[in-house]
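The analysis underlying the following values was restricted to heavy atoms, covering all of them including side chains, and did not include hydrogens, waters or symmetry mates. Quick caveat: nothing in here was measured; it's all calculated off a predicted structure.
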Number of protein chains: 2
Amino acid sequence: MDEIDRNIAIALQQDGSAGLAELAKVSGLSVSATAERVKRLEERGVVRSWRADLDPAQVGCPLLGFVFVALRPGRDDAAFRRAMSRHEHVLECHRITGPWHFLLKLRVADLAALEAFLDEELRAQPSVERLESLIAIATEKETALLPVAPATEEE
Amino acid sequence: MDEIDRNIAIALQQDGSAGLAELAKVSGLSVSATAERVKRLEERGVVRSWRADLDPAQVGCPLLGFVFVALRPGRDDAAFRRAMSRHEHVLECHRITGPWHFLLKLRVADLAALEAFLDEELRAQPSVERLESLIAIATEKETALLPVAPATEEE
DNA sequence: GTTGAAATTTGAACTGT
DNA sequence: ACAGTTCAAATTTCAAC
């Protein structure tokens, strides 16, 4: 992961449809060397996948919510974790510091769908003790573009 | 946005490198008709961009944090919003319901970087009144795959 | 890592239904 | 709006440097 790899990764993150010719300019290498780099980035798992970024509103999930979850003490949380991982409306599920145990990020169609999720999926979990939810009124920024750090050690 | 468009959108969301031939199988249409559909999805903004999904740990931002922000009453928040939009470590910035005004999602290298962000970027903002931050101990799930709703009205 | 060329595949356009 | 062919372009692989 040297400077060249980082530049390629940054470019691919912004535009996954960039051609090798374009990437070659960014990297300063030849086209074939650039192709090698891209392949290696995939092999090493730096590039996990290629995806189309969709507009949430246009695919029917305009409502964004966050839910804090506290689980009952001494209760196995495996079932809860599995349920969250499976559920397509749960975009994120993090074990967090602070008074709560988990923080969920949700995408749903509307408030009715949020209510249904809270009642039928979360409160239905035996290990769930307490919930606190909030919704986004507006989104100033929502990106998946990661800050790529300016090189530390291993190349 | 009929059933066919939805199937294509779902496929592209999971694998943006899928070729038209593969998509044609999914959609049940010919390759050329599928190409038309994809082009229209881009034109309508359903597909916003094509991106490589990178591994946060491997690009040097393994630490995930959330920060609640309360702004001073009667203070213009434009500068704050602009600063958050610009900052690459701020992945998300939502105006939210509840006692806080904004919720930020951050990606940084380590706790030192988080501290620096809190001190130099957030507390430095004149409009910021109070902060509360938490970090992810572990991430059970973190996906950008949106739940694509099963068709409502307009085709 | 570079260059250059061949083989394969892909996306883009045209034509007709 | 869709299907089938054709055409151009980009990716992949390979050679030799």
Side-chain angles (χ1 to χ4, degrees), chain A residues 1-60 144-146 148-155, chain B residues 1-55 58-60 144-146 148-155:
Chain A
M1 199 68 187
D2 59 359
E3 174 107 20
I4 297 175
D5 283 326
R6 292 212 332 282
N7 288 335
I8 293 175
I10 292 171
L12 286 176
Q13 185 176 218
Q14 292 166 341
D15 180 9
S17 68
L20 290 172
E22 198 173 335
L23 288 173
K25 283 185 221 157
V26 175
S27 65
L29 302 178
S30 67
V31 173
S32 44
T34 304
E36 278 275 326
R37 295 282 187 144
V38 173
K39 201 172 73 180
R40 282 183 49 88
L41 285 173
E42 289 190 73
E43 287 168 354
R44 283 189 283 165
V46 177
V47 172
R48 294 193 292 200
S49 63
W50 305 95
R51 306 198 328 92
D53 179 51
L54 306 183
D55 179 1
Q58 293 207 53
V59 296
L145 292 179
L146 300 175
V148 177
T152 50
E153 5 50 274
E154 78 270 64
E155 86 154 35
Chain B
M1 197 71 188
D2 59 0
E3 174 107 17
I4 297 175
D5 283 326
R6 293 212 332 282
N7 287 335
I8 293 175
I10 291 171
L12 286 176
Q13 187 177 217
Q14 293 166 341
D15 180 11
S17 68
L20 291 173
E22 198 174 334
L23 288 173
K25 284 185 220 158
V26 175
S27 66
L29 301 177
S30 68
V31 173
S32 48
T34 305
E36 280 273 329
R37 296 282 189 144
V38 174
K39 199 173 75 180
R40 282 183 50 92
L41 286 173
E42 290 190 70
E43 286 169 355
R44 281 189 284 167
V46 177
V47 172
R48 295 193 291 200
S49 63
W50 306 94
R51 306 199 327 94
D53 180 52
L54 306 183
D55 179 2
Q58 293 206 55
V59 296
L145 291 179
L146 300 175
V148 177
T152 50
E153 9 45 278
E154 78 269 66
E155 85 155 34

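- Looking at every heavy atom in both residues, B/Leu23 comes nearest to B/Ala11 through CD2-CB, 3.7 Å.
- Counting heavy atoms from C-beta on, the side chains of A/Pro56 and B/Arg48 come closer than 4.5 Å.
- Taking a pair as Watson-Crick or G-U with both hydrogen-bonding distances under 3.5 Å, the stems of three or more pairs touching DNA chain C are C:1-6 with D:12-17, C:8-17 with D:1-10.
- Rounding to the nearest 0.5 angstrom, the gap separating the OG1 atom in A/Thr34 from the CD1 atom in A/Ile8 is 5.5 Å.
- Rounding to whole angstrom units, CD of residue A/Glu36 and C1' of D/dT11 are separated by 13 Å.
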**OP:** For nucleotides 5-17 of chain C, just jot down a letter per nucleotide in 5' to 3' order: B, S or -, based on protein non-hydrogen atoms under 4.0 Å.
**Re:** ------S------
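- Taking all atoms of both residues into account, the shortest heavy-atom contact from A/Val26 to A/Asn7 is CG1-O, 3.9 Å.
- Between the CG atom of B/Leu41 and the P atom of D/dA1 there is a distance of 13 Å, rounded to whole Å.
- Here the side chains of A/Arg51 and B/Leu145 are in contact, with some heavy-atom distance below 4.5 Å.
- Atom CD of residue A/Glu36 and atom CD of residue A/Glu43 lie 8.5 Å apart, to the nearest 0.5 angstrom.
- A/Met1 places a side-chain heavy atom less than 4.5 Å from the side chain of A/Leu41.
- Separating the CZ atom of A/Arg37 from the P atom of D/dT12 is a distance of 16 Å, rounded to the nearest angstrom.
- To the nearest 0.5 Å, atom CG of residue B/Leu54 and atom CG of residue A/Leu12 are 7.5 Å apart.
- In the set D/dA1, D/dC2, C/dG1, the nucleotide with an atom closest to the side chain of A/Ala33 is C/dG1.
- At least one donor-acceptor pair closer than 3.5 Å links the side chain of A/Gln58 to the backbone N or O of B/Arg44.
- Residue A/Ser32 holds its OG atom at 12.0 Å from CZ of A/Arg37, rounded to the nearest 0.5 Å.
- Only A/Leu29, A/Ser30, listed by number, bring a heavy atom of residues 23-30 of chain A to less than 4.0 angstrom from any atom of DNA chain C.
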